[in-house]
Amino acid sequence: MEIIKHLIPLLLTVSLALLVVAAGLASSRGNFVYVLSRPKLLLQAFGAIVAIPVIAAVIIIAIFPVSQAAKAGILLMALSPVPPLMPGKALKAGGHASYVYGLMATGAVFAVIFVPILGALAARFYAVHAQFPVGVVARNVFVGVTVPLIVGLVVGRLLFKGPSPKLTKAVTIAAYVLLVVAAVPIVIKVWPQMMALVGNGTVLAMALVALAALLGGHFLGGDDMADRSSLAIAASMRHPGIALALAGANHANEAVSAAVLLFLIVGFLLLIPYQMIVRRHEKPEDQG
């Protein structure tokens, strides 16, 4: 049992890292600086990915009578941008690779810069003793994004001289298999705590925060529907790894971790009708 206890987090880390490796393999030169090198896109990304989710979370948890654990989980997820799952979702919705991978890299930069700053401001605003160490966020980004991205880029550029669809698909499938294997025991473990959070408008509050981020990204994404959907997905999908790492740094109980995972599930469910609407909107153009 002790081996399994340590194995599951390792499998989760490896699975998410493999998704980033796959992004590196599938990318072309210049993709990851596409947003960072364009001030207008960078400002739009900041508004959608950083500002709107945090503002929405602060307002909504002030209105809804949810538990302290739920408030903490909502705020931690609002602070934690762009998970490794985002590129796959955005590309399936028709996103342009350069913009999608650019948003992924931008989210990593935003996390290192703004999570500690906004976290410290939130702690002062709510008059609580909470730490948001730069080192915790930077380590999470370095291990979860930087290293696997470098691996993907090196393998893709040196061994295959460019994007390798077959290898990318194989790595992605392996990542999702490991992710399911790791995630199921975690969800089972915290399921009672998750169900205990349901009520007093907790799920609705989480849905509204995710919806605010989704709509913010959609309307800040410009005139191109593909860019709109990419920014919407990047803004609404939050990074549970960063949120859970911050919860651990503050010695939060399992109820906070359960709230983080519940927010993740609510956000995923909210994306389903949005992606259906996006696909329906694109069909007439595709047929033309």
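Atom set for the values below is all heavy atoms of this structure, side chains included, hydrogens, waters and symmetry mates excluded.
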Answer yes if [X] and [Y] sit in the same cluster of Ile, Leu, Val, Met, Phe, Trp and Tyr residues linked by side chain heavy atoms under 4.5 Å apart, and no otherwise.
{"X": "V33", "Y": "L153", "answer": "no"}
{"X": "I59", "Y": "L121", "answer": "yes"}
{"X": "V112", "Y": "I117", "answer": "yes"}
{"X": "V184", "Y": "V187", "answer": "no"}
{"X": "L204", "Y": "I272", "answer": "yes"}

Closest non-hydrogen atom pair, [X] against [Y]:
{"X": "L75", "Y": "V58", "result": "CD1-CG2, 4.4 Å"}
{"X": "A207", "Y": "L270", "result": "O-CD2, 3.6 Å"}
{"X": "A22", "Y": "T172", "result": "CB-OG1, 3.4 Å"}
{"X": "G144", "Y": "V20", "result": "O-CG2, 3.2 Å"}
{"X": "V278", "Y": "A93", "result": "CG1-O, 3.8 Å"}
{"X": "V145", "Y": "A108", "result": "CG1-CB, 4.2 Å"}

> With L76, which of I242, L244, V256 fulfils side-chain contact (heavy atoms from CB on, under 4.5 Å)?
Replying inline: V256
>> The test is side chain to side chain donor-acceptor pair (under 3.5 Å); show your working for N250 and H129 and say whether it passes.
In response: CA-CA 9 Å; N250 287 282; H129 178 69; over 6 Å; no
About how many Å separate [atom2] of [Y] and [atom1] of [X], when rounded to the nearest 0.5 Å?
{"X": "W191", "Y": "I186", "atom1": "CH2", "atom2": "CD1", "answer": "14.5 Å"}
{"X": "M104", "Y": "L19", "atom1": "CE", "atom2": "CG", "answer": "8.0 Å"}
{"X": "L220", "Y": "L215", "atom1": "CG", "atom2": "CG", "answer": "10.5 Å"}
{"X": "L197", "Y": "L262", "atom1": "CG", "atom2": "CG", "answer": "6.5 Å"}
{"X": "L231", "Y": "S236", "atom1": "CG", "atom2": "OG", "answer": "9.5 Å"}
{"X": "F132", "Y": "L246", "atom1": "CZ", "atom2": "CG", "answer": "6.0 Å"}

> Aromatic rings F110 and F46: how do their planes relate, parallel, tilted or perpendicular, breaks at 30° and 60°?
Replying inline: perpendicular
> Within a reach of under 6.0 Å around CZ of F142, are more than 12 heavy atoms found that belong to other residues, nucleotides or ligands?
Replying inline: no
> Checking side-chain contact (heavy atoms from CB on, under 4.5 Å) for the pair F64/I74: CA distance, chi angles, key distance, verdict?
Replying inline: CA-CA 12 Å; F64 284 78; I74 291 171; over 6 Å; no
With a 4.5 Å heavy-atom cut-off, do [X] and [Y] have their side chains touching?
{"X": "R238", "Y": "P53", "value": "yes"}
{"X": "L41", "Y": "D227", "value": "no"}
{"X": "K189", "Y": "E254", "value": "yes"}
{"X": "M195", "Y": "V198", "value": "yes"}
{"X": "L16", "Y": "P83", "value": "no"}
{"X": "M237", "Y": "P81", "value": "no"}
{"X": "L179", "Y": "L85", "value": "yes"}
{"X": "L167", "Y": "V155", "value": "yes"}

> Given the rule in the side-chain contact (heavy atoms from CB on, under 4.5 Å) test, do V50 and L118 qualify, once you have shown the distances and angles that lead to the verdict?
Replying inline: CA-CA 9 Å; V50 177; L118 293 175; 3.5 Å; yes
>> I'd like to know whether Y126 forms a side-chain contact (heavy atoms from CB on, under 4.5 Å) with K71, so could you lay out the CA-CA distance, the side-chain angles of the two residues, the decisive distance to 0.1 Å, and finally the verdict.
In response: CA-CA 11 Å; Y126 291 109; K71 289 180 179 180; over 6 Å; no
Strictly distance-based, threshold 3.5 Å: is any side-chain N or O of [X] a donor or acceptor partner for the main-chain N or O of [Y]?
{"X": "N140", "Y": "G241", "answer": "yes"}
{"X": "S229", "Y": "A226", "answer": "yes"}
{"X": "H96", "Y": "S98", "answer": "no"}
{"X": "N200", "Y": "T202", "answer": "no"}
{"X": "R228", "Y": "G221", "answer": "no"}

>> Does R38 qualify as a cation-pi partner of Y34, given the criterion of NZ or CZ under 6.0 Å from the six-membered ring centre and within 45 degrees of its axis?
In response: yes
> Does the gap between the ring centers of H218 and Y274 come in under 6.0 Å?
Replying inline: yes
>> Checking F32 against S27 for the side-chain contact (heavy atoms from CB on, under 4.5 Å) test, could you report, in this order, the C-alpha distance in whole Å, the side-chain angles of both residues, the deciding distance, and whether it holds?
In response: CA-CA 8 Å; F32 291 100; S27 66; 3.2 Å; yes
